[in-house]
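See structure below.
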Amino acid sequence: MTALADREWRLITDEARDGATQMALEEAAARTALEEDVRTVRVYSWEPSTLSLGYRQEADSVDWDFCEREGIDVTRRQTGGGGIYHDRYADISYTVVAPAEEVPGDLMECYALFCEPILTAFEEMGVDADFAAAEQSAIYKPSCYLRDINPAHDVVAPASSPTESRKISGNAQYRQRDVVIQHGSLSYAREPDKHVGVFDEVLEMDTFTDRVTSIREESGIDREDAVDTLAAALGDWCDATPGEWRDEELATARELADRKYGSDAWIREREVLEAGEQ
């Protein structure tokens, strides 16, 4: 259990939502942490399946026709890095939200702290996972799972066999209104055709499968059990109380989803519309 457990935390095991709303809820949780002194850990999934672009990723790296044809939504994250295809079934995502003054100021130390429950969850799922032992160079930078592997925040498996290990989770942080938000993607299963298909570059599927593994491949655990294990690890880490979104947070998220995370201005140009412009 982290030393942060003496604060007030809530655990939200969230329902599947569209990508714009999922990103907007992180901003709502940041406001709650700052204004109501309530921190959040949550587990969630994406419906419909969504490509989340890294903050500085160029929109022309996306195969927009493929996404439209396959019913894949597109949004843009506040965090950097490459795009991540979040499949409704194959991806499990999480968020940790806490005031910046309560967590290490050093980025690497903060990653290590917030990833403690993620590594615990992998262990309890029967997955031999840990931070990458060494950097690996990028194969295709617009794709998060094919970018360079960084020992600071990328998790690989099996960790005990470095020459055979492949990426199984990516994690990223950003700060907003004096709040630190970390979110991450855990690969439950692999959908290589979608992971490479969402990008405009022609990529072979084995480019993805040679670099990425999954919880199902490493341990065979059911997805529902994997979600429950991750939620329990996050909750135990900070002694969180089961909770849910407040009505005002959902209202804030709807407004932000319309004005920001779901708008073409943000997705394609990183521009935030003013209230009433959408």
Side-chain angles (χ1 to χ4, degrees), residues 12 14-35 40 42 44-88 91 93-97 100 140-147 170-185 194-195 197-201 245 248-278:
I12 297 178
D14 210 356
E15 62 187 77
R17 303 177 192 272
D18 65 274
T21 300
Q22 295 292 28
M23 294 298 91
L25 282 167
E26 293 186 345
E27 283 206 41
R31 296 183 187 183
T32 298
L34 193 63
E35 298 171 4
T40 300
R42 69 162 178 152
Y44 63 100
S45 56
W46 309 69
E47 179 62 58
S49 298
T50 300
L51 170 63
S52 70
L53 303 181
Y55 179 72
R56 297 193 180 279
Q57 184 174 349
E58 295 298 329
D60 61 9
S61 65
V62 178
D63 187 332
W64 295 96
D65 291 338
F66 178 90
C67 291
E68 183 176 1
R69 185 167 65 249
E70 297 294 328
I72 297 169
D73 205 357
V74 182
T75 188
R76 185 180 292 274
R77 307 186 307 273
Q78 290 277 15
T79 49
I84 306 176
Y85 169 67
H86 303 279
D87 189 80
R88 171 64 181 86
D91 178 279
S93 293
Y94 77 90
T95 308
V96 180
V97 182
Y140 178 65
K141 287 191 174 181
S143 168
C144 180
Y145 274 89
L146 298 179
R147 286 172 71 91
N171 309 276
Q173 286 184 19
Y174 66 102
R175 295 185 179 228
Q176 187 170 67
R177 299 187 67 203
D178 299 319
V179 174
V180 174
I181 300 169
Q182 177 168 308
H183 53 202
S185 167
K194 302 286 181 60
H195 273 280
V198 294
F199 298 107
D200 193 52
E201 186 82 10
W245 296 113
E248 56 268 30
E249 289 175 311
L250 292 171
T252 294
R254 283 193 293 270
E255 189 268 338
L256 278 170
D258 288 343
R259 183 168 59 85
K260 184 176 181 180
Y261 294 102
S263 73
D264 276 349
W266 171 256
I267 296 167
R268 294 178 182 264
E269 305 292 341
R270 300 195 305 273
E271 295 177 359
V272 182
L273 300 176
E274 298 294 333
E277 282 192 297
Q278 66 268 27

*Would you sort out whether Arg254 and Thr21 count as a side-chain contact (heavy atoms from CB on, under 4.5 Å), showing the intermediate values?*
CA-CA 7 Å; Arg254 283 193 293 270; Thr21 300; 5.9 Å; no

*Run the numbers on His86 and Ser93 for side-chain contact (heavy atoms from CB on, under 4.5 Å), then give the verdict.*
CA-CA 8 Å; His86 303 279; Ser93 293; 3.8 Å; yes

Distance only, no hydrogens: is a donor on one side chain within 3.5 Å (strictly under) of an acceptor on the other, for [X] and [Y]?
X: Asp14; Y: Trp245; value: yes
X: Ser143; Y: His195; value: no
X: Asp73; Y: Thr75; value: no

If I compare all heavy atoms of [X] with all of [Y], which pair ends up nearest, and what's the gap?
X: Asp63; Y: Gly197; result: CB-O, 3.6 Å
X: Ala28; Y: Glu249; result: CB-O, 3.8 Å
X: Leu25; Y: Ala253; result: CD2-CB, 3.6 Å
X: Thr50; Y: Gly19; result: OG1-N, 3.7 Å
X: Ile267; Y: Val74; result: CD1-O, 3.2 Å
X: Ile72; Y: Phe66; result: CD1-CE2, 3.9 Å

*Can you check whether Arg88's main-chain N or O pairs, donor with acceptor, with Ser45's side chain at less than 3.5 Å?*
no

*Give a yes or no answer on whether the side chain of Arg175 reaches the backbone of Ile181 with a donor-acceptor pair at less than 3.5 Å.*
no

Tell me, do [X] and [Y] make a side-chain contact under 4.5 Å, heavy atoms counted?
X: Gln173; Y: Thr79; answer: no
X: Val97; Y: Val179; answer: yes
X: Arg268; Y: Trp64; answer: yes

*For Glu248, does the CD atom sit with more than 12 other heavy atoms under 6.0 Å from it, leaving out its own atoms?*
yes

*Can you tell which of Asp18, Asp91, Asp87 makes a side-chain contact (heavy atoms from CB on, under 4.5 Å) with Trp46?*
Asp91

*Plane angle bin for Trp266 and Tyr55 - parallel if under 30°, tilted between 30 and 60°, otherwise perpendicular*: tilted

Which residues satisfy the side chain to side chain donor-acceptor pair (under 3.5 Å) test with [X], sequence neighbours excluded?
X: Thr40; value: Arg10
X: Asn171; value: Tyr94
X: Gln57; value: Ser61

*asked:* To the closest 0.5 Å, what do you measure between CZ (Arg76) and CZ (Arg270)?
replied: 6.0 Å

*At what distance, to the nearest 0.5 angstrom, does CD of Gln78 lie from OG of Ser52?*
12.0 Å

*asked:* Tell me whether Arg31 is salt-bridged to Glu35, with the criterion being a basic N under 4.0 Å from an acidic carboxylate O.
replied: no

*With Gln22, which of Arg77, His183, Arg42 fulfils side chain to side chain donor-acceptor pair (under 3.5 Å)?*
Arg42

*Check the pair Lys260 / Met23 against side-chain contact (heavy atoms from CB on, under 4.5 Å), numbers first and verdict last.*
CA-CA 10 Å; Lys260 184 176 181 180; Met23 294 298 91; over 6 Å; no

